[in-house]
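Notes follow once the structure below has been shown.
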Amino acid sequence: MKHSTTPQTRRGRGPARRVGRTLALVLPVVLVLSGTLAVARVNWSGDSQSPVLTAADTAASGSSSRAAARAPQEVLRDKLLVELQEKDPGVALTHLQQAVDDRPSLARHCASIARALGRAAVRVYGPTKAQSYARPVCDTAFASGVLAAHH
């Protein structure tokens with residue numbers, strides 16, 4: 001009679017196996033859902049002031065829940081647009097540059113915010129006066145926003 005020197009393992013039974021199977025079934029579903037929600041939240045239009053609502057906005061029931069979920073660059077843009085109307089575009093551009101210097105993660109949004117400020121400046125001050133406030137904050141994005149709003 002020949003005996004094996006390798007120990008026999010229990011197959012298919014035990015709590016670790018059940019947990020592994022559960023994770024194998026649940027984890028892909030969770031990843032797909034979280035990816036779908038992330039894609040639905042992105043503003044694909046490229047216009048930061050687009051009237052199109054995202055899936056997350058339509059799911060939000062009240063304005064307070066939408067305000068809590070706003071991105072930092074949206075909050076900054078709105079604050080600077082108010083400053084532009086209450087003071088002048090120069091103050092808003094100075095504060096935009098300070099915000100980008102203080103929080104480098106905002107740098108990738110700087111040009112779109114500056115363009116929004118340029119469009120708003122044309123609405124408030126007219127194209128000639130708005131262009132007089134142009135300066136090299138975020139390259140020439142403010143000036144391109146003025147130009148886009150004028151044409």
Side-chain angles (χ1 to χ4, degrees), residues 12-151:
R13 300 181 184 161
R17 180 85 169 176
R18 282 191 299 270
V19 169
R21 283 185 179 172
T22 303
L23 282 176
L25 292 172
V26 173
L27 194 57
V29 173
V30 169
L31 291 174
V32 167
L33 287 175
S34 64
T36 302
L37 291 173
V39 169
R41 181 68 183 130
V42 172
N43 179 0
W44 294 103
S45 69
D47 182 10
S48 61
Q49 295 179 346
S50 174
V52 177
L53 294 177
T54 62
D57 287 336
T58 58
S61 60
S63 61
S64 62
S65 61
R66 273 195 290 265
R70 293 181 56 209
Q73 68 271 12
E74 293 170 349
V75 172
L76 175 63
R77 182 195 65 227
D78 293 348
K79 176 185 163 207
L80 294 174
L81 287 170
V82 169
E83 269 189 354
L84 181 139
Q85 291 179 351
E86 292 177 351
K87 296 176 184 165
D88 66 61
V91 173
L93 287 171
T94 298
H95 289 151
L96 173 60
Q97 188 63 58
Q98 289 171 348
V100 170
D101 291 344
D102 293 344
R103 260 180 104 173
S105 63
L106 291 171
R108 67 181 183 188
H109 304 288
C110 186
S112 66
I113 293 171
R115 277 191 297 276
L117 291 172
R119 290 189 300 267
V122 169
R123 287 191 300 272
V124 175
Y125 298 99
T128 305
K129 180 139 175 144
Q131 187 61 40
S132 71
Y133 288 102
R135 62 173 94 154
V137 174
C138 312
D139 298 323
T140 57
F142 178 83
S144 69
V146 169
L147 183 63
H150 180 59
H151 287 63

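Remark: side-chain polar atoms of Glu74 are paired, donor with acceptor, to backbone N or O of Ala71 under 3.5 angstrom.
Taking each heavy atom of Tyr133 and Leu93 in turn, the nearest pair found is O-CD1, 3.5 Å. Residue Pro89 comes nearest to Phe142 through the heavy atom pair CB-CZ, 3.9 Å, listed as atom of the first residue, atom of the second, then distance. Here the closest heavy-atom approach between residue Leu76 and residue Ile113 is recorded as CD2-CD1, 4.0 Å. Taking each heavy atom of Val146 and Pro127 in turn, the nearest pair found is CG1-O, 3.9 Å. Contact detail for Arg135 and Thr94: the closest heavy-atom pair is NH1-OG1, 2.8 Å. Heavy-atom minimum distance, Arg119 versus Gly145: CG-O, 3.4 Å.
Looking at heavy atoms from C-beta onward, Gln85 lies out of side-chain contact with Leu81 at the 4.5 angstrom threshold.
Interatomic distance, Gln97 CD to Cys110 SG, rounded to the nearest 0.5 Å: 6.0 Å. To the nearest 0.5 Å, the span separating CD on Glu83 from CG on Leu117 amounts to 9.5 Å. Note: His95 NE2 to Lys79 NZ = 6.5 Å, rounded to the nearest 0.5 Å.
At a cut-off of 3.5 Å, with distance as the only test, no side-chain donor of Asp102 or Gln98 sits close to an acceptor on the other residue.
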